[in-house]
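First up is the structure itself, then whatever we jot down about it.
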Amino acid sequence: MNAPSLSNDQTEDSVPGYRYDAQLASRIEEDWQQRWVADGTYRVTEAAGADADEAFRPKLFVMDMFPYPSGSGLHVGHPLGYIGTDVFARYKRMTGFNVLHTMGYDAFGLPAEEHARQTGEHPRVNTEKNIANMQRQLDRLGLGHDKDRSIATTDVSYYRWTQWIFLQIFHSWYDVEESRAKPISELEELLASGERDTKTVKPWADMDAVERRKELDAWRLAYLGEAPVNWCPALGTVLANEEVTAEGRSERGNHPVFRRPMKQWMMRITAYADRLLGDLERLDWTESIKTMQRNWIGRSEGAEISFPTSSGIDIDVFTTRPDTLFGTTAMVLAPEHPLVDELLAEEWSEETPLLWRGGAATPAEAVEQYRSAASELTDLERQENRSKTGVHIGSYCKVPVSGKAVPIFIADYVLMGYGTGAVMSVPGQDQRDWDFASAYDVEIVRTVQPPENFSGEAYTNDGPAINSDFLDGLLIEEAKTSMIAWLEEHGHGKRMVTYKLRDWLFSRQRYWGEPFPIIFDETGLALAVPEEHLPVELPELMDWAPRALDEDSDPEPPLGRAVEWASASYDLGDGFKTYQRELNTMPQWAGSCWYYLRYLDPSNEEKFVSPDIERYWMTSLDGGIGGVDLYVGGVEHAVLHLLYARFWHKVLFDLGHVSGPEPFQRLYNQGYIQAAAYQDDRGVYVDAEKVEENNGSFFYEGGPVSRTFGKMGKSLKNSVTPDDMYSAYGADTLRLYEMFMGPLDQDRPWETKSVIGSHRLLQRVWRNLINEETGEATVVDVPIDEGSQRLLHQTIASVADAMEGLRFNSAIARITELNNELTKSSNPVPLELAEKLVLMLAPLVPHIAEELWARLGHSDSVVHQSFPSADAGLLVEDSIELPVQVNGKVRSRIVVSTDASPDELETLALADERISQLTSGNQIRKVIVVPKKMINIVIS
RNA sequence: GUCGGAGUGGCGGAAUUGGCAGACGCGCUAGACUAAGGAUCUAGUGCCCGUUAAGGGUGUGGGGGUUCAAGUCCCCCCUCCGACACCA
């Protein structure tokens, strides 16, 4: 392949014809991008090393969290992670790996549907347009993706398999004894043979067909559950807990969300809580993400304890501190606890303090008043107002271990959603209980001895038990064990583990999502659409008009408007019958739960992924847990996407569809690019591009403005687009700058003025190898001199090391140093050195590297060349300069041979003129010699 | 409040096993080339003292400690970012 003719137009400004500027860069880039497509440069197969004449290449699966194709286009912050994975993938490919790297689109979701509601344009049309635009912007960056493997979650050929996976989950139950999912047919046998008890009171043998279906439905991993859900009228849908903010608003759009019970599809992710927690240990993820997942799962160990009441009903509480049972002085229930009405006393007893009555004439009245007051508080108000309130319900229960009668209260600091919704109040050892007890004059009994100088209220640290009968003197852990043993022996309770994690609400009342492959017959019970009838395609829908909804209205799934589609005829083995389709759609998370598996085998019509191909890419070669070798994305998916995908993967693993228990072996969180934003004195954001700096102050059109940093975007008027950078410098410069700004996992501020530095590097590299006037290579085929040889190999070693560790900023710094040396020398660059420099640059700036490679006389692509390897013999210098310290301060330097002995070094150091001046007249107390590092002389 | 992460020049950041702090880049200063330079090239650039220089002092959020030697290890404190937030 000949070097292309890319000469700049000779104009009166006398820029040399082949100066590496934005114009030349753009021509080089577009030219190579076309050739890559034509040559299939980035196509990858599983057959690495399968041919006898090809060396075995280990696999490497590198992946980005795929994007939602937004309509507003990219800014320079978006591709940071994509560039990082691209550089890494290219580097690893050059070091002998068979690298899989591609990109897809998470294309279902609310914005396209909102767009349809406003414009009437079908979400599919809008989505495809956005994908095309985004693809164009990304292509221009020169990302080395295997495009044949790209998918969009909205492709019918993709969501067919999303539906198929849903059916796998629907057809499964979780065997707690073996801690894994199994086909529901196996459960049926166990229930029929009596090896497992049914969940209802009736034995399997006594059930009719409908009862049996209900029984099985109660075990499924995907089930219809009546549960309090987050109803968001503004979005017209219910949301998962994970999609609701702490303020009780929708994460998307910040609309009010109301809690109400509804029948919805749920995923039994709670069955996997322990495995999701335990397997975190084996993942190469940051500690912070692991911690977030641990917190979300929220495992706590303790005991469930039954408190008897005079009405014969027991109140069950969960506690992590069974050792404090003797300190229980009250029982506190959540206001909505189901036992409240049954335990309510007729009237106040004489001795009930007025404080406990809430000003009401009877307990019933007090409870009613309290409940209505509590329900009026928003979650936010509950948070802001932490003072404890509650009312006595007139009755008492007994502390099992002591028989002591304690009053029962309801209080809104006890949450129905956690544990059993009831708390044994131990003010001595729990600050919340202390606060409540002191507000309502409830007795306080300490059961752990605080230290003598303790001045706080509740004492939560360790210490010997007191006032606790048989526990007295025991430390917390021993006391817990003894108490649990006592409870179990006497039938008052048992060891128990609870989780904060709830089952995953899986229904959405939206159009633009995957339809459920579910139909209902006349019993109202769910049936699976047979696999061979997948996919269940979305109907066309023309009516996008929004419906006015409020807190009290029922969600209206848009699919209900597709009347013909909503009923369907299937033969489920008893002849064709008409069924009603499920009208909800799946949440956006569904498609992103398994896309990495489809990348492996995107056009397979028989299976969601071929088992051989799955095993090839997902099995760790070095004994790791397996999965994607490097997964790069933002921290915002710490809980939602990453937990859901792990859950699905584990189900698929249990059912034998994938080879390992985890989807993502190594997770890396890239930082975000921030940009300066400027506000005038009214607080209005002004166009950041037009702000001028003067002596540390900022001015816009003459007026002073203040600077803050934030996400790039329209609202802060601080966006810089990749297209701006392409036209000013070219894509390679943008890539290089983004990688040079700092380590990949750190947030960093964008500075357009600094981009020039990265451009200059490329310009100097170009000029060192290419005649700017003629475009000819200026290199000469001569041996590299020894000094340059050493520098080259030291550079290779450092660059390789930095690339392995994703420290691309350091790799670029080392390459710059090498190039700076070449710039200083007036001699032409030796060919071999030039080639190695180009190869080192290739992962970072592939276009200019290809161009230089071609101009150095090569006809093949640089993409599949080997990365240079460092010659260990050249890494060590013959002689080095060592600092000589006196009392820890550098006072001189000596040049010594590398293999000088410690004794020689000491002698040389002491003989140094400056050192002898400083040491004369002082006693030398000690000389520390660290060969190849330094010498320190300690004088008195 | 709890948990997680981080504090290094004017700015982004290097220094991954304790061993020359500030690599590399931006910016800034001076110079070269130029009709011109917001292009390009060359040199300098932590701060303070020292006319230049030689040299000295000081310096990695603050305070203490270990060590011949600390950005790095230990203790206490401060600040910032992120997550969770009455989870019993």
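Letters go in sequence order (proteins before strands), and every chain restarts at 1.
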Lys388(A), nearest nucleotide to its side chain (from rC26(B), rC86(B), rA83(B)): rC86(B)
Ring centers of Phe409(A), Phe436(A) separated by less than 6.0 Å: yes
Please work out if Thr420(A) contacts a base, only the sugar-phosphate, or nothing of the nucleic acid, heavy-atom cut-off 4.0 Å. nothing
Using a cut-off of 4.0 Å on non-hydrogen atoms, how would the nucleic acid contact of Arg294(A) be classed: base, sugar-phosphate, or nothing? nothing
Between rG13(B), rG56(B), rC84(B), which one does the side chain of Arg748(A) approach most closely? rG13(B)
For a quick check of understanding: with a heavy-atom distance under 4.0 Å over all strands, which category does Lys926(A) fall into, base, sugar-phosphate or nothing? sugar-phosphate
Heavy-atom contacts, protein to nucleotides 4-10 of chain B, under 4.0 Å, summarised as B (base), S (sugar-phosphate only) or - (none) per nt, yield S------
Side-chain atoms of Lys824(A) come closest, of rA43(B), rA88(B), rC86(B), to rA43(B)
Taking any heavy-atom pair under 4.0 Å as a contact, classify Arg299(A): base, sugar-phosphate, or nothing. nothing
Taking OP1 and OP2 of rU40(B), is either one under 4.0 Å from a side-chain nitrogen or oxygen of Arg760(A)? yes
Scan Val423(A) against the nucleic acid and name what it touches under 4.0 Å (heavy atoms): base, sugar-phosphate only, or nothing. base
Using the test salt bridge (charged side-chain N to carboxylate O under 4.0 Å, His left out), find all partners of Glu689(A) that sit at least two apart in sequence or belong to another chain. none
Detail all sub-3.5 Å separations between protein N/O atoms and N/O atoms belonging to nucleotides 18-24 of chain B.
| residue | atom | partner | partner atom | Å |
| --- | --- | --- | --- | --- |
| rC20(B) | O2 | Arg893(A) | NH1 | 2.2 |
| rC20(B) | O2 | Arg893(A) | NH2 | 3.1 |
| rC20(B) | N3 | Arg893(A) | NH1 | 3.4 |
| rA23(B) | O2' | Arg814(A) | NH2 | 3.1 |
| rA23(B) | O2' | Glu817(A) | OE2 | 2.6 |
| rA23(B) | N3 | Arg814(A) | NH2 | 3.2 |

Let's test this: given Watson-Crick or G-U wobble pairing with both distances under 3.5 Å, identify the partner of rA70(B). none
Considering every strand shown, what is the Watson-Crick or G-U wobble mate of rA36(B) when both distances are under 3.5 Å? none
For rA15(B), give the paired nucleotide (Watson-Crick: N1-N3 plus N6-O4 or O6-N4; G-U: N1-O2 and O6-N3; both under 3.5 Å), or none. none
Give a yes/no on whether any side-chain N or O of Arg764(A) is located under 4.0 angstrom from OP1 or OP2 of rU40(B). no
Counter-base of rU52(B), judged by Watson-Crick or G-U geometry with both distances under 3.5 Å: none
Are Lys889(A) and rA69(B) close enough that a side-chain N or O sits under 4.0 Å from OP1 or OP2? no
